[in-house]
Amino acid sequence: MRIRKAHLAAAAGALALVTGLTAPASAAAPVHTVQQDAPSVYGSAAYLMDASSGKELFSKNADDRLPIASVTKMMTAYVVLKTAKPTDVVQVKREDVQYAEDGGGTTADLRPGDRLTVGELLYGLMLPSGADAAHALARTYGPGVGGFVGKMNATARELGMNDTEYVNADGLPKRGGDGYSTARDQSMLAAKAVQVPLIKEVAGTRYHSLDATSEHRSYSWRNTNKLLGTPGAIGLKTGFTRAAGFTLAFAGEKRGHTLVGALLGESDSSRRFDTAEALLSWGAARESA
């Protein structure tokens, strides 16, 4: 069910929290209309903003609460790096692998007993969208998955993401109800995520491999994000479930501006990347005009 925000003014203050900048007076009551010259957006909801200023560039049903699927893992990475060092080591357990298998989620094909650094697990989390990697990280840094989800929701509140509720660290459907968020909230998180160097690096990596060591077997991961390769594209995270449709949190650096956005409820997998590319180019042109 879609639920509209009651107070649009709260969004402007939330954007200021995300960017660390004070929004201009005109942003206090943003106009939530699609510009006539904007690219066509076929998904249920979308949002585009300038990450530096917090300026809204495009909005379509941006405050509708919707499932976001594996875009959830963007918050997982962000919360992990609030406390963990990239060099910290996590041991994969059978329950991590079993969780992904039982839930029918995409995996990083982790092997129980392998010991991987947090930095390497983030590649397994973000590139192939490994639910096993998400479970291993959440279990370790909750401590416990439930504790970690609590941290995710607390962080969402800290960032002003008041229309977001996480129920797990991976975005898989959960008995009793999926979590939800909005295109606006996920764009706000994206603006913070691209400020974390390791998240930005991982999200922008198309392919990553690990040689076998005494600690772990070899791994090869390819990014599911087909936006990469587009000039200036950073990433950030793809997602899909039947309930959520195809989802995407994206970012790009164009014409001296860092733009971030989110697309939710798209019915065509490839079209979400084309739409994101078009929005980034369109938004950059507007900001540079």
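This is a predicted model, so every value here is computed, not measured.
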Check your understanding: With ring centroids as reference points, do F246 and F240 lie under 6.0 angstrom apart?
Key -> yes

If I take atom [atom1] from residue [X] and atom [atom2] from residue [Y], how far apart are they, to the nearest 0.5 angstrom?
X	Y	atom1	atom2	answer
E158	N153	CD	CG	11.0 Å
R272	S267	CZ	OG	11.0 Å
L264	Q186	CG	CD	7.0 Å
L125	M74	CG	CE	11.5 Å
T205	L122	OG1	CG	11.0 Å

Check your understanding: Is there a side-chain contact (heavy atoms from CB on, under 4.5 Å) between K237 and L248 once you walk through the steps?
Key -> CA-CA 6 Å; K237 189 68 193 74; L248 179 68; over 6 Å; no

[X] versus [Y], closest heavy-atom pair with distance:
X	Y	answer
L236	M126	O-CE, 3.7 Å
A100	T107	CB-CG2, 3.6 Å
T164	S181	OG1-OG, 2.6 Å

Looking only at atom types and distance, does a side-chain atom of [X] sit under 3.5 Å from a main-chain N or O of [Y], one as donor and one as acceptor?
X	Y	value
D185	T182	no
D96	D132	no
D114	V92	no
T72	I68	no
K151	G142	yes
R157	A154	no
K60	V41	yes

When you compare the side chains of [X] and [Y], does any donor N or O come within less than 3.5 Å of an acceptor on the partner?
X	Y	result
D170	Y99	yes
T258	S52	no
E201	Y123	yes
S220	Y207	yes

Practice item. Check whether any side-chain heavy atom of E277 sits under 4.5 Å from a side-chain heavy atom of L227, and report yes or no. Key: yes

Review point. Do V167 and Y180 have side chains that get closer than 4.5 Å, going by heavy atoms?
Key: no

Practice item. Mind running side chain to side chain donor-acceptor pair (under 3.5 Å) on T224 and S129 for me, showing each step along the way? Key: CA-CA 8 Å; T224 58; S129 200; 5.7 Å; no

Charged N to carboxylate O below 4.0 Å: is that the case for [X] and [Y]?
X	Y	result
R184	E56	yes
E120	R115	no
E287	K55	yes

**Study point:** cation_pi(R271, Y42) dist<6.0 Å, angle<=45
**Key:** yes

Practice item. State whether the number of non-hydrogen atoms from other residues, nucleotides or ligands found under 6.0 Å of R206 atom CZ is greater than 12. Key: no

Practice item. Tell me, yes or no, whether the heavy-atom count around R242 atom CZ, taken from other residues, nucleotides or ligands under 6.0 Å, exceeds 12. Key: no

**Study point:** Geometric class of the H208/W221 ring pair [parallel <30°, tilted 30-60°, perpendicular >60°]
**Key:** parallel

**Study point:** Verdict with reasoning, Y166 to T76, per side-chain contact (heavy atoms from CB on, under 4.5 Å)
**Key:** CA-CA 10 Å; Y166 295 103; T76 302; over 6 Å; no

Practice item. Evaluate the side chain to side chain donor-acceptor pair (under 3.5 Å) criterion for residues K73 and S70: first the C-alpha distance (whole Å), next the side-chain angles of each, then the deciding distance (0.1 Å), finally the verdict. Key: CA-CA 6 Å; K73 296 183 178 89; S70 285; 2.7 Å; yes

Check your understanding: Can L48 and L259 be said to form a side-chain contact (heavy atoms from CB on, under 4.5 Å), step by step?
Key -> CA-CA 7 Å; L48 180 72; L259 306 182; 4.2 Å; yes

